[in-house]
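Every chain is numbered from 1 and lettered A, B, ... according to where its sequence line falls, protein lines coming before strand lines. Only a predicted model underlies this, so the values are computations on that prediction, with no experimental measurement involved.
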Number of protein chains: 2
Amino acid sequence: MPIAQRHPSAIEEIANDCIAFRVRILGRAVSAIYDQTMANVGMSISQVNIMVFVGKVGRVNPSLIGAKMAMEKSTVSRNLKGLIDDGLLEAELSDGDRIKSVGLTEEGRRRVETVLPDWRRAQSLVKKMLGPTGAGAMVDLGNQLLHKA
Amino acid sequence: MPIAQRHPSAIEEIANDCIAFRVRILGRAVSAIYDQTMANVGMSISQVNIMVFVGKVGRVNPSLIGAKMAMEKSTVSRNLKGLIDDGLLEAELSDGDRIKSVGLTEEGRRRVETVLPDWRRAQSLVKKMLGPTGAGAMVDLGNQLLHKA
DNA sequence: CCCGAAAAGTTGTACCTACAACAATGCTGT
DNA sequence: ACAGCATTGTTGTAGGTACAACTTTTCGGG
């Protein structure tokens, strides 16, 4: 005869299993390390990530950034605005002044080189925090998502 | 004699290896699924996670929430405020009206039960997105961080 | 070519987040 | 008991994020 099932409360179930809970904590913990480490050059990890993405793929339109980076289009719009104003991205505009595409400027490219040492320190700290296995798992998981998008 | 090393640009290096890049994309993608799935009950995954954490550990002071959930104390302060105003958390206050500790109210507990079905749908969608292996890795990584904190 | 629908970008609004500066609380040694 | 210091919580400010509503652009079928 079947063994009586234990019925964990909603709280137990969510606390024990929730993926969002864990992803979000991880995101805050990891982002904080990069942001703090790169603060001396006045760049956030959010900004660096966008510049690197644009620099890697070349000229892109905002919607592709959103698709690949899982960002809502309005978020992309505002984030690009800041980087363009700072001269780190260069935009091709439509008649109505909408961003048709962006590319990394030379200044942007130099800026990425500038943050590299700090980025490396942060990356190393995070690897230590997650352990080699954890860090590897995280990269694999991210790549899987990136290649799917 | 040693083989000449290829020198990837800063862009290549960061794009290929950055853990923050991947964690943050994952965080947005995952959070969006939970938020959209639970929108009909008017709760965000952020709120549910805090309620569940408080419900699980019982009466806690804000600083512990921050420590365990990797949230800055000011963030905790504001997030608790909302849940208290909504009657989902109950606060013990100091003379100066500062929050000494919070606990889950009965209404809060019921609310968690209410979102459970939607939470399960979201959880299932995310598991599908990450695959069983990926989801497992994510939970392990999160637990590791939680137990260390 | 043109019309209508779909896709893409922007703006208003609101929530989540963090840092800095400040205020209140708690603790420790004498 | 209490003076000084460390911890804890709040508020000002600013960036990151998403949804809804709107505008502009693009794209396909007549």
Undergrad: Is the side chain of A:Gln47 donor-acceptor paired with the backbone N or O of A:Ser44 at a distance under 3.5 Å, no angle test?
TA: yes

Undergrad: Report the distance from atom NZ of B:Lys73 to atom P of C:dT25, rounded to the nearest whole Å.
TA: 15 Å

Undergrad: I want to check one thing: is the phosphate of D:dG9, taken as OP1 and OP2, less than 4.0 Å away from some side-chain N or O of B:Lys81?
TA: no

Undergrad: Can you list, by residue number, the residues of residues 46-71 of chain B that have a non-hydrogen atom closer than 4.0 angstrom to DNA chain D?
TA: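 Listed by number, they are B:Asn61, B:Pro62, B:Ser63.
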
Undergrad: Give a yes or no on whether a donor-acceptor pair under 3.5 Å exists between the nucleobase atoms of C:dG12, that is its base, and the side chain of A:Arg78.
TA: yes

Undergrad: Contact class for B:Ser74 (heavy atom, under 4.0 Å): base, sugar-phosphate, or nothing?
TA: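 Base contact.
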
Undergrad: Name the one of B:Glu107, B:Glu106, B:Arg110 that satisfies side chain to side chain contact (heavy atoms under 4.5 Å, CB included) with B:Leu88?
TA: B:Glu107

Undergrad: In whole angstrom, give the distance that lies between atom CD1 of A:Ile99 and atom P of D:dT24.
TA: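 The distance from CD1 of A:Ile99 to P of D:dT24 comes to 16 Å, rounded to the nearest Å.
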
Undergrad: Between A:Glu13 and B:Arg120, does any NZ, NE, NH1 or NH2 come within less than 4.0 Å of an OD or OE carboxylate oxygen?
TA: yes

Undergrad: Can you check the B:Asp95 CG to D:dT8 C1' distance for me, whole Å?
TA: 15 Å

Undergrad: So, OP1 or OP2 of D:dG16: does either fall under 4.0 Å of a side-chain N or O from A:Thr75?
TA: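 So the side-chain polar atoms of A:Thr75 never come under 4.0 Å of the phosphate oxygens OP1 or OP2 of D:dG16.
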
Undergrad: I need the CG-P distance between B:Leu80 and C:dC16, as an integer number of Å.
TA: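 So the two atoms are 11 Å apart, to the nearest Å.
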
Undergrad: Between A:Asn79 and A:Asp97, just flag the one whose closest nucleotide in DNA chain D comes earlier from the 5' side.
TA: A:Asn79

Undergrad: What residues in residues 26-44 of chain B put a non-hydrogen atom under 4.0 Å from any atom of DNA chain D?
TA: B:Arg28, B:Gln36

Undergrad: Salt bridge check: are B:Glu90 and B:Arg59 linked by an N-O gap of less than 4.0 Å?
TA: yes

Undergrad: What's the closest nucleotide to the side chain of A:Glu72 if the choices are D:dT17, D:dA18, D:dT10?
TA: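 Among the listed nucleotides, the one closest to the side chain of A:Glu72 is D:dA18.
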
Undergrad: Regarding C:dT25, can its base be found pairing with the side chain of B:Arg98 as donor and acceptor, where the two atoms are less than 3.5 Å apart?
TA: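 Answer is no: no donor-acceptor pair is held.
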
Undergrad: Nearest-Å distance, NZ (A:Lys100) to P (C:dG9)?
TA: 11 Å

Undergrad: Any sub-3.5 Å donor-acceptor pair from A:Arg24's side-chain atoms to B:Gly27's backbone N or O?
TA: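 Checked: no pair found.
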
